[in-house]
Asks: 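Before I ask anything, here is the structure I am working with.
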2 protein chains.
Amino acid sequence: MNKSDKRSDILQVTLELIAERGFHDAPMSEIAGKAHVAAGTIYRYFENKDILINELFREIGDKLLEAILNNYPEGKPVQEQFSHVFGELCRYFLTNPLHFRYMEQFFNSPYGISKRRDKLSGKNIHQDKRDTLQEIFDEGISKLILKDLPMSVLSSLAIGPMLYVIRDHTLGFVVLDESLIRRITEACWDAIKR
Amino acid sequence: MNKSDKRSDILQVTLELIAERGFHDAPMSEIAGKAHVAAGTIYRYFENKDILINELFREIGDKLLEAILNNYPEGKPVQEQFSHVFGELCRYFLTNPLHFRYMEQFFNSPYGISKRRDKLSGKNIHQDKRDTLQEIFDEGISKLILKDLPMSVLSSLAIGPMLYVIRDHTLGFVVLDESLIRRITEACWDAIKR
DNA sequence: ATTGTATAAATGAACATTCATTCATTAAAA
DNA sequence: TTTTAATGAATGAATGTTCATTTATACAAT
C-alpha cells in the first residue's frame, strides 16, 4: 500500500462530494466513510477542512496546467497557441467533469474570491505555476494584432464563453464534439482579434 | 411599519451575508440578528432556509429582467437589441454588486444546477419571466446573420465574457466605464456575428 | 527466524460548537 | 375579545475536530 494511498482516496472522495453537493453538505464524517478511513485520519493528511479544500484546488489546477502545457506550440503563431490552450482546456474538463464542477464552485465561492484578491494584492508568495498560464496569455495576446483592451478583458472574452459552454455540456444542454469545439474557438478568436 | 417591512429586511440581510460569505457561513440566527428580528420570525415569512434562498434568487432575477426590459428596442435591429441587453445587464450588476455575487454563487451551486436541470427537463411549471429573456435571444439571434451555432453556444459567447468581466470589476482587476462596456459589447458581437 | 522496541499511522468515540427549526408565550392589531 | 404577529429560549441533529488508545511498521539484537 502506497504511502499516499489514503491521502489520494480522501482527495478523490472530497472531489466527488463537493462537486456533486457543494461545500456545505460535504461533511468530514462522510468523506471519511466513503474513503474507508476513520474521521481522525483525515487530519493526519490535512490540518483542517479549509486546507483540504484548498489543497484539492491546487492539485486540480496543477493537473489542468500540465494538460495545457503538454505539446504546447512554443514559438508558433499566437492563434495556434490560442487554439491549443482552448482545445486542451476543453478536453480536460470534458474528460474530468467533476474537476470542472469543483473548480467552478471554488472560484465562485469566498474561497476563490479571496484567492484572486491575494493574487491582485501581490500576496502570491511562491511564484507558482498558475502564473505561467497567465504569462502565456499575456505574451501571446500582447504580441499580435489583438484588440486594444485590458489584459483581463481579453482573457474574459477568451475563457468566459468556453467555461459556460462546458457547463451547458455537463448539464446536457449541448453536446460538445471536436468540430463544435473548433468552431467555438474560432468564434472566441473573432472576439479578441482586431 | 409596512407589512413587508420585516420580510424585505430579512431578504436584504440574507443577500448581504451570502454574497459576502457564501451559503455556508450565513446562519439563520445571524440573519435574524442583523435584520433586527427574532430567529423564529424568519419562519413566518419563509418556510425554511432553502425557500428563503430560492425566493431571494427569484426576486433578484425579476428586478434584473425589469431593468433589461426597460426601454427595450422592440422591432429594432438585432445588434441594437443585443447592445441594449448587454449594457443594461452590465449596468445593473455594477450598480448592484451584491446581486451579482449572489447570482454567481447561486448558479454555480447545486441550487442553480438543479434549477437548470428542471428547466431542461421541462419542469418549469409556471412559464415564468426568465424564459422571456431566453426568447429575446432566441428570436434576435436566429433571425439575423449570426454564426450557425447551437442556441446555447451563442448565448454563452454573448453572456459569458460579460459576466467574467463584471467579476473582475468587482474585484478591482479592471475598471468598467461606459466606453469599455461598449467596446466589450462590440467584441462579443464580433464573436457571434457571421 | 524470532523477539523486542521504538516510531508512525490509524482509529473512532467523545467533545464542544454550531445550526436550523420549533413552540409555548407575549405583544400588537383588528 | 379574537386573531395575527413576533419573540427567543429550548431542542435535537449535525458537524469539525481532538485525543487516548490501538494497530501496523521498521529495525536491532539475539
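Residue numbers begin at 1 in each chain, while the letters A, B, ... track the order of the sequences.
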Asks: Atom CE of A/M28 and atom P of C/dT11: how far apart are they, to the nearest Å?
Replies: 14 Å
Asks: Between D/dA9, D/dA6, D/dT15, spot the one nearest the side chain of B/A39, thanks.
Replies: D/dA9
Asks: Give me the one residue out of B/F93, B/Y92, B/F57 that meets ring-ring contact (aromatic ring centres under 6.0 Å, His included) with B/H99.
Replies: B/Y92
Asks: For C/dA10, take OP1 and OP2 only and decide whether either is under 4.0 Å from a side-chain N or O of A/Y45.
Replies: yes
Asks: Which nucleotide in the set D/dT7, C/dA10, C/dA20 lies at the smallest distance from any side-chain heavy atom of A/K6?
Replies: C/dA10
Asks: Taking CG from B/D5 and C1' from D/dA5, how many angstroms apart are they, rounded to a whole number?
Replies: 14 Å
Asks: The side chain of B/P27 is closest to which nucleotide in this list: C/dC19, C/dT11, D/dT7?
Replies: C/dC19
Asks: Just how far, in rounded Å, is C1' of D/dA14 from CD1 of A/I31?
Replies: 14 Å
Asks: Rounding to an integer number of Å, can you tell me how far B/N48 CG sits from C/dT22 P?
Replies: 8 Å
Asks: When the distance from CD1 of B/I42 to P of C/dT21 is rounded to whole Å, what number comes out?
Replies: 10 Å
Asks: Kindly point out which of D/dT17, C/dA10, D/dA6 is positioned nearest to the side chain of A/R44?
Replies: C/dA10
Asks: For B/L17 and C/dC19, give me the distance from atom CG to atom C1', rounded to whole Å.
Replies: 14 Å
Asks: From the set C/dC19, D/dT17, D/dT7, return the single nucleotide nearest to any side-chain atom of A/Y43.
Replies: D/dT17
Asks: Which heavy-atom pair separates A/L98 from A/E20 by the least distance, and what is that distance?
Replies: CD2-OE2, 3.9 Å
Asks: Of all the heavy-atom pairs spanning A/A158 and A/F82, show the shortest one and how long it is.
Replies: CB-CE1, 3.6 Å
Asks: In whole angstrom, give the distance that lies between atom CG of B/D25 and atom P of D/dG16.
Replies: 13 Å
Asks: In this structure, are over 12 heavy atoms from other groups packed under 6.0 Å from B/E59 atom CD?
Replies: yes
Asks: May I have the distance from B/R7 (atom CZ) to D/dA5 (atom P), rounded to whole angstrom?
Replies: 14 Å
Asks: Keeping the roles fixed (side chain from A/R101, backbone from B/N108), state whether a donor-acceptor pair exists under 3.5 Å.
Replies: yes
Asks: If you pin A/E47 and B/H36 to their nearest nucleotides in DNA chain D, which one's is more 5'?
Replies: B/H36
